[in-house]
Amino acid sequence: MLSRLLTITRRLLPMQPMRHLLPSSCVLCGQTDREALCQPCRQRYFMVRPRRCVQCAMPIPTTAKEIRCGDCLKNKPAFDATVVATDYAAPADQLVLALKFGATLPLAPLLADMLHASVQHYTERGLPLPTLMTAVPLGVRRLRERGFNQSLEIARPLARSLGVRLDPQLLVRLRDTQAQATLPNDERKRNMRRAFVVPTGTMNHVRGAHIGVVDDVITTGETLNEIAETLKRFGARRVTNIVFARTVAK
Ligand SMILES: [Zn+2]
Ligand SMILES: [Zn+2]
């Protein structure tokens, strides 16, 4: 896994100082290509769209009568919809890891491009585009450690290409919560409780808006649920999560 990550990082590293991504090979298969991701890889890993729960994007059987999964029908998340580009599985997961932990920032526009196609697919089915976008904020400590917020790096080019205004300061993270991945499922909700707030300066923008919240990965959805709950408490009309990858294994 690590060696694969290093290969991706190495392939993109010489491009780091450049504004535009001009790699000479596909980040997933290594084939020489003008694009960062070759057409066959794009087709194979991103154009196959399983039927998903409209609310949390978990794959559901094509024969399902409901548009929501059993979990969403039972637990009613605070967000209204989730759009994802792919499952969080090999090889797409390597792109997320390389962006997040390999600081391979030129990957962000590629991930945004994949998400753009998914959002388009989603709006073609009659679902509304957000009127305002933001990214899941990192806590101060984690932002200092990492030096960048990977979700914001994806959100910037995505908002630009969708023509939707992005406000990175729409929400504030009040504390550095423990990394959700380190906690058992039943403690994740408590860990996130009241972790976010809408500051006075952006309250007016949230009221009545349909907000798109960008993140890199959705797992249990507790973080995004807490954010949607916060936005709704401050008067948001609708919240759509726009997330690169969906964890499907329970
Ligand atoms: Zn390829
Ligand atoms: Zn669901």
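Hydrogens, waters and symmetry mates play no part in the numbers below; they use all other heavy atoms, side chains included. Remember, predicted model here, so these are calculated numbers, not experimental data. Read the numbers this way: they start at 1 and go in the same order the structure lists the ligands and their atoms.
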Between R52 and D87, does any side-chain N to carboxylate O distance fall below 4.0 Å?
yes
Could you grab the protein N, O or S atoms closer than 2.8 Å to the Zn ion (ligand 1) for me?
C26 SG, C29 SG, C38 SG, C41 SG
Side-chain heavy-atom pair L99, L105 within 4.5 angstrom cut-off:
yes
Determine whether L170 and V198 make a side-chain contact, defined as any pair of heavy atoms from C-beta on separated by less than 4.5 Å.
no
Kindly indicate whether the side chain of C29, heavy atoms from C-beta on, has any atom under 4.5 Å from the side chain of C38.
yes
Within less than 2.8 Å of the Zn ion (ligand 2): protein N, O or S atom count
4
Can you confirm whether more than 12 heavy atoms, excluding those of R49, are under 6.0 Å from its CZ atom?
yes
Side-chain touch R42/M114, heavy atoms, less than 4.5 angstrom
yes
Find out whether V27 and T104 are in side-chain contact, i.e. whether some heavy atom of one side chain is under 4.5 Å from a heavy atom of the other.
no
pair F79-L231: side-chain heavy atoms closer than 4.5 Å
no
T134 side chain to D167 side chain, donor-acceptor N/O pair below 3.5 angstrom
no
